[in-house]
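Right, one structure below, let's go through it.
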Amino acid sequence: MTLNMQFEQRVMINTNDLPWQASPATGVWRKPLAREEAERGHATSIVRYDPGASFRRHGHPAGEEILVLEGIFSDEHGDFGAGTYFRNPPGASHAPYSKQGCVLLVKLHQFLPDDTAPVCIDTARASWLPGQGNLKVMPLHEFAGEHVALVKWPPGERFHPHRHLGGEEIFVLAGELKDEHGSYPRGAWLRNPDGSEHCPYVEQETVTWVKTGHLSVVDPSADRDRPLPRSGAGSNA
Ligand SMILES: [Fe+2]
Ligand SMILES: [Fe+2]
């Protein structure tokens with residue numbers, strides 16, 4: 001079951017409108033946003049653990065990236081509250097669970113081969129840095145042209161028109177982002193392809209998770225016949 005794997009196409013999903021789907025683990029639910037196959041390969045999802053739910057021990061053959069949106073997510077490494085951003089590189093394994101329940105943004109099987117740095121940042125405590133205009137930025141990760149950050153928009157802020165080299169993926173954490181194509185409330189997921197353009201702005205204070213530079217249609221490490229790299233075999237959770 002392939003979903004939204006055409007990376008040259010723009011995708012916008014208000015995840016609030018999607019139904020929860022059962023996962024292989026009891027009490028763990030998902031809203032798939034992009035996926036290569038049912039239970040392996042490239043996947044981007046919203047994942048919910050009901051209170052007391054757990055997932056079997058598993059590895060991440062091409063990495064796992066998580067942003068805790070609500071509640072507390074746990075594994076043998078600790079308890080991680082809303083706002084925690086993780087990168088579990090290839091080779092890592094864990095047995096996750098949640099005592100009180102949690103909601104996560106999860107991206108699987110999308111690491112560049114040499115991107116092996118484990119990351120764990122509590123964005124509720126990390127510092128905001130000055131960005132362009134009146135934006136504030138919290139850098140989360142950077143590797144080989146790929147950038148991940150939180151961006152805080154003050155009310156009324158307008159960004160300049162720009163083009164996305166390597167594409168742009170956005171998840172709206174608070175407030176509402178807008179551009180000439182539409183409005184994106186809290187919970188909206190947006191994927192702007194390589195070479196796309198827009199002029200984003202906000203009316204109210206807005207916080208977005210943003211990843212850029214990872215959606216190049218031509219990737220030297222990939223099979224040329226495939227639209228995008230970082231897909232393939234591997235168990236998903
Ligand atoms: Fe943009
Ligand atoms: Fe995992």
Side-chain angles (χ1 to χ4, degrees), residues 10-12 23-25 28-30 35 39-49 53-68 73-78 80 84-98 102-111 118-120 131-133 135 137 146-153 157-172 176-184 188-202 206-216 234-237:
R10 181 177 184 271
V11 184
M12 200 295 278
S23 83
V28 180
W29 304 84
R30 299 186 292 211
R35 62 170 22 171
E39 297 301 333
R40 58 183 209 160
H42 180 118
T44 297
S45 316
I46 306 296
V47 176
R48 187 184 92 206
Y49 282 64
S54 61
F55 211 98
R56 61 177 164 70
R57 173 165 292 280
H58 59 274
H60 308 107
E64 175 186 60
E65 182 177 7
I66 293 177
L67 180 63
V68 182
F73 171 79
S74 301
D75 63 15
E76 60 271 50
H77 306 297
F80 306 99
T84 311
Y85 174 72
F86 289 100
R87 297 180 64 87
N88 295 323
S93 76
H94 64 165
Y97 61 93
S98 181
C102 62
V103 179
L104 317 169
L105 172 66
V106 180
K107 293 177 68 64
L108 296 173
H109 217 86
Q110 299 170 39
F111 279 39
V119 173
C120 180
Q132 295 196 42
L135 296 179
V137 178
E146 186 172 314
H147 297 259
V148 186
L150 297 190
V151 179
K152 186 183 280 186
W153 301 65
E157 184 71 4
R158 297 187 75 88
F159 199 72
H160 56 80
H162 62 277
R163 189 160 178 240
H164 306 114
L165 295 176
E168 172 185 69
E169 182 174 341
I170 293 173
F171 187 80
V172 181
E176 185 174 45
L177 184 70
K178 299 186 174 197
D179 65 13
E180 63 272 44
H181 308 296
S183 298
Y184 318 107
W189 179 72
L190 182 61
R191 208 177 63 195
N192 291 317
D194 191 11
S196 62
E197 298 177 346
H198 71 160
C199 184
Y201 63 96
V202 302
T206 297
V207 180
T208 56
W209 173 92
V210 181
K211 177 184 275 209
T212 58
H214 62 309
L215 296 170
S216 296
S235 173
N236 281 356

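Indexing begins at 1, ligand by ligand and atom by atom, following the structure's order.
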Between His198 and His162, ring centroids under 6.0 Å: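 Distance test on ring centres: under 6.0 Å, yes.
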
Do [X] side-chain atoms and [Y] backbone N/O form a donor-acceptor pair below 3.5 Å?
X	Y	answer
Arg48	Val103	no
Thr208	Ile170	no
Thr212	Glu168	no

Provide the atom name of the closest N, O or S atom of [X] relative to the Fe ion (ligand 2).
X	result
His58	NE2
Glu64	OE2
His60	NE2

Among Lys211, Lys107, Arg10, salt bridge (Lys or Arg N to Asp or Glu O under 4.0 Å) partner for Glu169: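 Only one option passes, and that is Lys107.
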
Distance-only polar pair, side chains of Ser196 and His164, donor-acceptor under 3.5 Å: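 A pair is found: one side chain offers a donor N or O, the other an acceptor, under 3.5 Å apart.
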
Distance filter under 2.8 Å, centred on the Fe ion (ligand 1) - protein N, O or S atoms that pass it: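 Atoms qualifying: His162 NE2, His164 NE2, Glu168 OE1, Glu168 OE2, His198 NE2.
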
Criterion side chain to side chain donor-acceptor pair (under 3.5 Å) on Arg35 and Ser45, from CA distance to verdict: CA-CA 8 Å; Arg35 62 170 22 171; Ser45 316; 5.3 Å; no

